[in-house]
K.L.:
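Here it is, the structure, as structure tokens.
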Amino acid sequence: MKCPSHQNFTSISRHYRAILRSCIRHADLDTGEKLHSLSITTGLTSDPNTCLTNALFQFYCSFGKTSHAHHLFDRIPHSHWDIVDWTTLMTCYARNGFPENTINLFVEMQSAGLRFDGVTVMCTCNACAKLGNLALGAQIHCYIIKLGLIIGVKECNSIMDMYVKCRKMEEAKRVFEEVTERSVVSWTVILGGVIKWEGVKSGWLLFNEMPERNEVAWTVMIAGFVENGFIAHAFSLLSEMIFEWKFNLNHVSLCSILSGCVQSGDVMIGEWIHVYALKEKGNEINIMVATALIDMYAKCGRIGRAEQVFKKMSYRNVVAWNSMLNGLAVHGRGKDVLNIFPQMVKEAKPDVLTFMSVLSACSHAGLVDQGRYYFNRLQSVYGIKPTIEHYACMVDLLGRAGFLEEADRLIMEMPMLPNEFVLGSLLGSCHVHGKFQLGECLMRKLVEIDPQNTEYHILLSNMYTMAGKKEKANSLRQVLTKKGERKIPGVSSIHVHGQVYQFTSGDKSHPQSSEIYVMLKEMIQRLRLAGYIPNTTCQNFSAYYNGEGNADAEEEKEQALFSHSEKLAICFGLLNTKPGVPLYIFKNLRICQDCHSAVKIISKIYNREITIRDRSRFHCFKQGLCSCGDHW
DNA sequence: TTAGGGTTAG
């Protein structure tokens with residue numbers, strides 16, 4: 001090919017830049033990339049002085065292609081770098097999930113002696129907010145005050161947001177007070193913080209004080225109600241926003257509200273959002289909304305609905321696949337995860353999270369060989385360096401299945417130091433499989449790593465109790481008494497007719513309490529007739545914590561078991577729903593062994609499907625069986 | 001270049 005003359009270069013380069021600007025405007029990544037290839041083959045970009053490099057850099061930044069953008073940034077001669085180039089790359093990193101790179105660039109920029117401007121403040125504070133990096137955020141704020149720099153409302157808003165995300169409400173409010181011309185964004189930043197850190201009720205008072213409210217403010221308020229289980233309020237606000245104020249929900253609002261549903265476990269609002277999204281967009285829902293729907297349905301116990309949404313998607317990226325795989329994994333559908341995984345490989349490149357779902361699916365379903373198979377191929381076949389989370393999944397898988405020595409060996413071979421999740425998981429397995437020596441050794445290490453956590457003492461003490469080693473169990477109790485620490489109380493929530501009801505162990509605060517306890521008594525009788533034997537082996541600590549000092553009496557232990565929060569929630573559900581209606585319960589801790597076997601029988605004798613989401617997974621009880629197949 | 005609400009885990 002004949003080499004174009006310099007004049008040609010300049011004119012072609014000008015055309016290319018115009019096309020790239022148009023690609024940005026029309027979200028046309030494909031054409032821009034083709035143009036980039038063409039510019040390389042024709043030698044247009046060989047001269048780094050050309051403005052084309054800068055245009056390509058801007059182009060990749062606008063599409064969030066961080067590595068391409070950074071490569072081009074490096075190709076711009078350093079003498080040509082200006083503050084716009086720096087902040088464009090920093091914003092690109094902050095927006096696309098790499099806020100630590102934004103911070104690194106900020107530090108680099110400072111050491112290069114460049115002064116920062118308002119945009120630098122905004123994107124760096126945004127990165128600090130995302131990372132919870134209060135130290136740097138506050139430092140930038142102090143620097144601005146010290147130098148007496150005059151900044152506008154936008155910069156103030158990002159500083160406020162940084163404080164809000166770092167849970168420094170007083171500082172955020174102080175900045176808010178100082179802003180003379182507050183915008184709707186200033187108010188919304190504070191609103192979000194108040195809802196999160198001071199409660200949804202305080203947020204509601206503030207929302208009503210706001211001089212102006214746009215769709216973001218409405219979305220924040222609604223999501224706040226949904227997250228906190230105020231479903232009726234959320235519904236009335238949603239209809240006011242849409243029908244009276246004529247606001248639309250965009251894909252961000254939809255995702256935000258769906259994420260609230262996941263927090264509170266409410267599926268009613270989630271279904272409403274699903275219908276809205278279908279009405280707006282027909283059959284093709286935005287990929288992020290569809291992914292949020294999959295996550296919401298899966299985490300609200302409706303795995304079948306999640307699968308329906310997933311199957312209807314015409315294009316599925318790695319995030320969509322991960323949501324589906326994770327949903328199936330927490331529902332104990334390990335075999336399905338392994339069955340659809342080859343399909344995923346054809347459609348998207350599996351990442352770190354994919355394998356966490358695959359390995360935890362194997363773990364929850366007891367598929368040891370398959371787990372080993374994928375773990376051994378992580379690096380060699382999929383090019384993924386195993387993280388500590390992968391090791392934790394693997395230790396969990398091996399430990400649950402009784403391969404404790406293999407799990408222990410794996411911990412020794414790990415290239416990083418084990419954390420409390422890895423060791424805690426193995427201690428749990430020692431508890432199940434009665435391995436004292438290993439258990440004792442693990443607990444010593446765990447106490448060093450995480451001295452505040454009392455769960456490990458409880459586990460080990462229960463192990464001693466089960467083995468009849470009362471002295472050792474008692475000495476551990478004394479350690480806890482000295483420390484004065486208390487166990488996190490178990491709370492179960494149940495959704496009935498769009499309302500959330502919460503129960504703690506032995507709870508008598510509900511207005512229907514007497515009815516609930518009558519129901520409970522009757523239920524225990526029916527359970528006993530059906531062959532249920534209370535499992536009090538792990539009960540000594542609960543009774544102890546309930547303040548029942550003479551907890552040795554078997555009957556007291558049984559009573560404590562009977563009033564576990566999930567049993568109370570089930571009684572409430574049975575009393576307040578029609579026969580055959582499935583019950584959905586959410587628990588903050590792991591379901592105990594006794595409740596697990598009791599609920600299996602309850603599902604049969606009351607002919608109800610009962611789904612319990614505990615801290616780590618779902619248990620769907622149906623006709624005397626649990627979907628976890630007792631692997632948990 | 002332009003602040004606030006957003007999808008996968010822990």
Side-chain angles (χ1 to χ4, degrees), chain A residues 24 57-58 61-62 82-92 94-95 97 117-123 125-126 129 151-162 164-165 172 179 182-193 195-196 213-224 227 249-260 262 285-296 298-299 306 309-310 313 316-327 329-330 348 350-357 359-360 387-390 392-393 419-422 615-616:
Chain A
I24 295 174
F57 164 68
Q58 298 285 348
C61 278
S62 78
D82 66 5
I83 190 124
V84 176
D85 297 325
W86 282 89
T87 49
T88 305
L89 186 59
M90 285 163 75
T91 307
C92 177
R95 282 189 180 162
D117 64 356
V119 183
T120 327
V121 171
M122 285 188 260
C123 69
C125 281
N126 180 275
I151 49 169
V153 63
K154 289 180 188 175
E155 289 82 0
C156 287
N157 290 341
S158 56
I159 292 168
M160 274 158 50
D161 187 48
M162 178 274 299
V164 162
K165 298 276 158 60
V179 181
R182 292 169 199 143
S183 67
V184 64
V185 179
S186 324
W187 283 89
T188 314
V189 168
I190 296 294
L191 175 69
I195 293 172
K196 184 156 188 202
R213 295 174 295 202
N214 62 9
E215 66 267 60
V216 180
W218 281 88
T219 306
V220 170
M221 194 63 241
I222 292 165
E227 254 168 58
L249 300 173
N250 62 15
H251 75 278
V252 182
S253 326
L254 295 171
C255 287
S256 172
I257 298 169
L258 286 170
S259 156
V262 173
I285 301 176
N286 168 288
I287 188 164
M288 287 187 198
V289 177
T291 305
L293 278 168
I294 292 167
D295 188 51
M296 181 277 298
K299 287 185 181 153
V309 176
F310 182 73
M313 291 170 79
R316 295 175 286 223
N317 61 12
V318 62
V319 184
W321 270 100
N322 286 352
S323 303
M324 190 68 250
L325 294 180
N326 182 55
V330 293
D351 67 4
V352 166
L353 293 189
T354 311
F355 285 100
M356 279 171 64
S357 295
L359 294 176
S360 81
T387 64
I388 195 154
E389 286 83 10
H390 293 125
C393 286
N419 60 13
E420 66 267 37
F421 299 110
V422 175
R615 202 175 59 183
S616 70

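Remember, it's a predicted structure, so these values are computed and weren't measured experimentally. Heavy atoms only: backbone and side chains are in, while hydrogens, waters and symmetry mates are out.
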K.L.:
What is the distance from CG of A:Leu191 to C1' of B:dA3, rounded to the nearest Å?
P.N.:
15 Å
K.L.:
Which pairs pass salt bridge (Lys or Arg N to Asp or Glu O under 4.0 Å) with one or both residues in residues 151-160 of chain A, sequence neighbours excluded?
P.N.:
none
K.L.:
Are side-chain heavy atoms of A:Val319 and A:Asn322 found at a separation under 4.5 Å?
P.N.:
no
K.L.:
My understanding is that only residues two or more places apart in sequence, or in another chain, count here; which of them pass ring-ring contact (aromatic ring centres under 6.0 Å, His included) with A:Phe57?
P.N.:
A:Phe73
K.L.:
Touch check for A:Val189, heavy atoms < 4.0 angstrom, all strands: base, sugar-phosphate only, or nothing?
P.N.:
sugar-phosphate
K.L.:
How far does SG of A:Cys123 sit from CG of A:Asp117, to the nearest 0.5 angstrom?
P.N.:
8.5 Å
K.L.:
Using OP1 and OP2 only, check whether a side-chain N or O of A:Arg95 sits under 4.0 Å from B:dA3.
P.N.:
yes
K.L.:
Could you write nucleotides 5-10 of chain B as a row of B, S and -, 5' to 3', where a protein heavy atom under 4.0 Å of any base atom gives B, of only sugar-phosphate atoms gives S, and otherwise -?
P.N.:
BBBBBS
K.L.:
Is there side-chain contact between A:Thr219 and A:Val252, with heavy atoms separated by less than 4.5 Å?
P.N.:
no
